[in-house]
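Lettering follows sequence order; numbering is per chain, from 1. Since the structure is predicted, the reported quantities are computational estimates derived from the model, not experimental observations.
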Amino acid sequence: MNQAAQQLHAQLIKTRRSDPHSANAVLKGYAKGSRPQEALSFFFFSLRQQVAGTEPDSFTFPLLLHACSRLRAKGPGKQLHGNIVKQGLSMDMFVQNSLIHMYASCGGIQCALKVFERMSKRDVVSWTSIIGAAAAAAEEGCSAVALHLFDEMLEEGVAPNEATMVSVLRACADSGTLSTGRRVHRISKKLKLEVKLHVATALVDMYAKCGSIEEARELFDQMPERDAFAWTVMISGLASHGRSRDALSLFHRMRELGVTPDERTMTAVLSACRNAGMVADGRRYFEEMKKSHGIQQRLQHYGCLIDLLGRAGNLEEAEEFARRMPIDPDRVIWRTLAWASKIHGDTGRAERLVREHLLGLGFGDSGSFVLLGNIYSTARKWDQKARVWAAMGSRGMKKPPASSRIEINGEIHEFEAGDGRHREAEKIYLKLEEIEERLREEGHRPRISEVLLDVDEEEKAFQLRHHSEKLAVAFGLISSGPGEKIVIFKNLRSCEDCHETMKIVSRIYGREIIVRDRVRFHRFSRGTCSCGDFW
DNA sequence: GTAGGGTTAG
């Protein structure tokens, strides 16, 4: 693609003449090839100054915008938007659809929405582009916007296609909206899209991320064709649910069938080892990936292995490994290492790692300050903790509040610690009292060391009782039938007391409870958790 | 001759 474009480009420069067709052919080669930046420089430089006889038309701009999307180049993208308006091409649907995608790729979901809202006519690509834009946006609540847009699309009678399904399913997966996910599954079946590779893969991912790993597996087993992507999705799904043995045996099955794993497959495999504390296996897969599969270890693989070593308590080895690795460790690696040090009670190491690598030069995100504060709390160094929080405050930073969500009959209910805003708050707190009573009977003592405040023991116990996932599980118990599965989504990670509480609740109420935290799933059943208390 | 989609260590 590049070579043909380069040849044609050279020819245009030589003759100093072109026509829209040739110029667009060059652009297409560059924009879709391996060097999209060439497309932009061709437009902004060559076309204007070296080659006469061509003005960009409505075929030119989508190609250029495509290049901007791939480069995440918002500046040139905006400039092109200006040119489009100037040339009166802003009513062309191809151009508008490309603009939506350009803004989406460059992180401007609001700009993308503005373009979309101004369109007088929208086809399936317009809808898919804006749904995809919302689904991919990092801002809070964007998944819900994507799902809402999907409903509007159906109301307008536009038939979704494969790409639409994939984007909607991503929004379901990210937000954990299982009911909509199931609905999209039904629509896919009706439109015979369920068996298409991309859609089937997205469905598997959706079920896994919505807590229903069995349904994910069932669908995966029924797929008529599977590529490395599909295998990787299933392997990482199993890994995130703590089913490491299943994940690894699936990886071996994949190899037996002759499917070549890629670097992402290996990330999933290492993450399976990490989640189960399988140090020896993790080391072996890490070594083998280069030798047996020719896959170069990258940052995420090093990160996985270091996390695995650290969490298993091999702190010195993990830190040494981080210092000696051939790629510069990033903040994530130092943070996981500091967290592992805190878990294993090595306060000195934890504190040093945060100060050396996360808070140096006056930089630092709120997460690093919160981590340092937690390290001091665990070590009961209240003065130091207060200083950290003050430093945070003076920089205008705040700890993001912990929240838990639960879906009941298609409606999402969200709770924060001590929340009294829910319409059934009274019943929820009554249920919570009942749970506490039964926990006491079971001999459970609140793990007050988890409350990281310098307050008396009674106040700590009070704080613990009202953590958001406890409110969510109480609500789940009163608003679902006996024996029904309870699925809770947390924005952060659980504390140990909540983890213990879930175990006991699963046993005494005879419920399966699934908690998705920031990074993985915990499945509580009959008093135990699938993570084996390793998290 | 132009536009949209599936995984990713915390």
side-chain hydrogen bond (donor to acceptor under 3.5 Å, both in side chains) against A:Gln37, all qualifying residues, sequence neighbours excluded
none
Donor-acceptor pair, A:Arg405 side chain versus A:Ser175 backbone, under 3.5 Å?
yes
When you check the phosphate oxygens OP1 and OP2 of B:dG10, does a side-chain N or O of A:Arg518 lie under 4.0 Å from one of them?
no
Just wondering, more than 12 heavy atoms not from A:Asp328 lying within 6.0 Å of its CG?
no
Where does the angle between the aromatic ring planes of A:Phe521 and A:Phe489 fall among parallel (under 30°), tilted (30 to 60°) and perpendicular (over 60°)?
perpendicular
Any donor-acceptor N/O pair under 3.5 Å between B:dG5 base and A:Asn161 side chain
no
Can you tell me if A:Thr265 and A:Asp262 form a side-chain donor-acceptor pair at under 3.5 Å?
yes
Would you tell me whether A:Gln96 and A:Ser90 have side-chain atoms, one donor and one acceptor, within less than 3.5 Å of each other?
no
Is there ring stacking between A:Phe59 and B:dG1, where the centres must be under 5.5 angstrom apart and the planes under 30 degrees?
yes
Under 4.0 angstrom, heavy atoms only, what part of the nucleic acid is A:Val124 near: base, sugar-phosphate, or nothing?
base
Counting any heavy atom closer than 4.0 Å, what does A:His301 reach on the DNA or RNA strands: base, sugar-phosphate only, or nothing?
nothing
Would you say the side chain of A:Glu139 lies within less than 4.5 Å of the side chain of A:Cys142, judging by non-hydrogen atoms?
yes
Please list residues of residues 187-200 of chain A whose heavy atoms come under 4.0 Å from any atom in DNA chain B, ordered by number; otherwise none.
A:Leu197, A:His198
Assign A:Leu308 to base, sugar-phosphate, or nothing according to its heavy-atom contacts below 4.0 angstrom with the strands shown.
nothing
Hey, does the side-chain of A:Asp227 have a donor or acceptor N/O within less than 3.5 Å of a partner on the base of B:dG6?
yes
Who are the ring-ring contact (aromatic ring centres under 6.0 Å, His included) partners of A:Trp339, not counting sequence neighbours?
none
Residue pairs passing the side chain to side chain donor-acceptor pair (under 3.5 Å) test with at least one member in residues 103-113 of chain A, sequence neighbours excluded, are A:His81-A:Tyr103
Check every atom of B:dA9, B:dG4, B:dT8 against the side chain of A:Ile333 and return the nucleotide holding the closest atom.
B:dA9
Taking the six-membered ring for Trp, are A:Tyr207 and A:His185 ring centroids under 6.0 Å apart?
yes
Does any non-hydrogen side-chain atom of A:Met119 lie less than 4.5 Å from one of A:Met91?
no
List in numerical order all residues of residues 263-275 of chain A for which some heavy atom is under 4.0 Å away from an atom belonging to DNA chain B.
A:Arg264, A:Arg274
When you measure from every atom of DNA chain B, which of residues 125-135 of chain A have a heavy atom less than 4.0 Å away?
A:Val125, A:Thr128, A:Ser129
Is A:Thr336 side chain donor-acceptor paired with the B:dG10 base, going by distance under 3.5 Å alone?
no
